[in-house]
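Both counts, for ligands and for their atoms, begin at 1 and track the order of listing. For this chain, numbers begin at 1 and follow the sequence in order.
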Amino acid sequence: MDVYPFARLAEAKRQVAATGVQLIDFGLGEPREQTPGFIRAALADAIEPMSRYPSSDGLPELRAAIARWCARRFGAELDPDRELIPTLGSKEGIFHLAEVVADPQVGRDLVAVPSPGYPVPARGAVFAGLRVLELPLSEESGWLPALEAVPDDAWDRLAVFWVNYPNNPTGATAPLAFYDVLAARARRHDFVLASDEAYSELFFGPEPPASALQLPTLENVVVFNTLSKRSSMPGYRSGFVAGDPRLVAALKRYRPNVGVAPLEMVQRASVAAWDDEHHVEAVRARYAAKRELMLPALARAGLRVAGGDASFFLWCAVPGGDDEAWAARALKQGIVVAPGSFFGRHGAGFVRVALVPTPQECERAARIVARL
Ligand SMILES: Cc1ncc(COP(=O)(O)O)c(C=O)c1O
């Protein structure tokens with residue numbers, strides 16, 4: 001398997017930093033906001049004198065809090081015992097899904113993933129011994145996958161079809177009708193529609209993004225979400241998977257083997273986080289302010305925002321179309337961005353700007369970028 005592209009970027013950053021240039025890092029999509037105080041306090045309060053193994057099904061209190069949030073946010077009535085399970089962040093759950101549902105003996109040997117895209121679904125498929133079918137996302141299609149790119153005979157070979165909205169790296173959202181069409185196909189051809197919704201709470205348009213949890217039935221559907229972005233808790237490792245009870249049951253059978261239950265104190269802090277929306281509004285406001293700082297500067301540098309208005313990413317078409325060259329030039333001035341080709345060949349020609357530096361850094365970066 002090839003080197004994770006961000007490892008290459010880390011090396012280039014190290015070299016530029018060694019020449020004395022101060023870097024402002026819009027490259028990695030890791031939130032750097034402070035975790036709200038009441039969540040940290042809930043974690044500290046939950047430290048027990050005796051440390052026991054956490055239950056892999058998660059605490060009933062946490063499952064209930066997640067179900068309450070899904071009901072509030074998406075109008076989804078989920079049975080916390082049968083239709084959801086906490087995960088150790090969402091990354092491990094996303095990685096493991098192919099392994100759980102794969103059945104190459106009956107010819108289910110394909111996993112469809114978007115390109116450009118978050119690399120973990122494809123890596124999970126490869127580790128599970130399955131083949132990856134990359135589906136191009138393009139600006140013309142609103143960054144929705146081209147279903148006509150799936151060969152007719154591939155539909156019945158699919159184990160999982162991955163979608164991710166709000167999308168990393170493009171910031172695009174998907175309408176509920178899109179989930180509806182894909183879920184109907186999932187039932188017809190008996191594959192799993194897996195919807196990664198890690199950025200569902202970071203939106204800057206008038207309407208919150210749709211979720212596959214809003215579908216009238218969750219048969220053959222699973223949804224992944226996380227507190228990492230919504231509640232600025234990437235280090236806590238707390239997320240969930242929800243959907244078809246048959247799939248949740250399969251995950252419950254698999255997960256005790258892997259040892260991926262979140263720490264109990266993290267689960268208790270997560271109850272506090274899912275039950276509160278005020279801090280999420282504050283997080284959105286902070287990212288919105290950074291967008292306002294960076295958007296005019298990027299425009300002045302000749303970059304065109306080509307993606308959507310959700311997530312904390314700006315997906316920009318670079319003048320001349322050579323994303324790696326543009327990113328290398330920006331890096332020399334101390335501005336780190338991720339070339340689009342890091343996310344698959346269909347990302348070439350774009351750069352991804354993750355709005356994770358502080359507002360002060362964004363102000364400084366805006367002045368540098370505008371001159372690029
Ligand atoms: C699209 C997408 N999905 C899932 C994740 C995983 O996040 P976590 O494991 O912190 O929940 C990320 C993290 O960067 C992401 O970008």
- Note on the structure: Interatomic distance, OG@S231 vs CZ@F38, rounded to 0.5 Å, equals 7.0 Å
- Query: Less than 3.5 Å between some nitrogen or oxygen of R237 and one of ligand 1, yes or no?
  - Reply: yes
- Task: Would you check whether E30 reaches within less than 4.0 Å of ligand 1, judged by its heavy atoms?
- Result: no
- Taking only non-hydrogen atoms of S228 and a 4.0 Å limit, the atoms of ligand 1 in range are 8 (P), 10 (O), 11 (O)
- Query: What atoms of ligand 1 come closer than 4.0 angstrom to any heavy atom of K229?
  - Reply: 12 (C), 13 (C), 14 (O)
- Item | Atoms of ligand 1 close to S90 [distance to a heavy atom under 4.0 angstrom, numbered from 1] | 4 (C), 5 (C), 6 (C), 7 (O), 8 (P), 9 (O), 11 (O)
- Query: Would you say Y199 touches ligand 1, if touching means a heavy atom closer than 4.0 Å?
  - Reply: yes
- What part of V120, side chain from CB on, backbone N/CA/C/O, both or neither, has a heavy atom under 4.0 Å from ligand 1? neither
- Task: Return the set of residues passing ring pair (Phe, Tyr, Trp, His ring centres under 6.0 Å) with F203 (not counting sequence neighbours), or none when no residue passes.
- Result: none
- Message: As an exercise, state the distance from CG of L215 to CG of L182, rounded to the nearest 0.5 Å.
- Response: 9.5 Å
- Counting both backbone and side chain atoms, is some N or O of Y118 under 3.5 Å from an N or O of ligand 1? no
- Message: Checking contacts here: is it the side chain or the backbone of P234 that comes within 4.0 Å of ligand 1, counting heavy atoms only? Could be both or neither.
- Response: neither
- Hey, do the aromatic rings of F95 and F127 have their centres closer than 6.0 Å? yes
- Message: I'd like to check which ligand 1 atoms, numbered from 1 as shown, lie under 4.0 Å from a non-hydrogen atom of T226.
- Response: 8 (P), 11 (O)
- Item | Side-chain donor-acceptor pair present, H346, S138, cut-off under 3.5 Å | no
- What atoms in ligand 1 come closer than 4.0 Å to a heavy atom of I94? 4 (C)
- Task: Look up atom CH2 in W326 and atom CG in L331, then write down how far apart they are to the nearest 0.5 Å.
- Result: 11.0 Å
- Task: Verify whether the ring centers belonging to W143 and F343 lie closer than 6.0 Å.
- Result: no
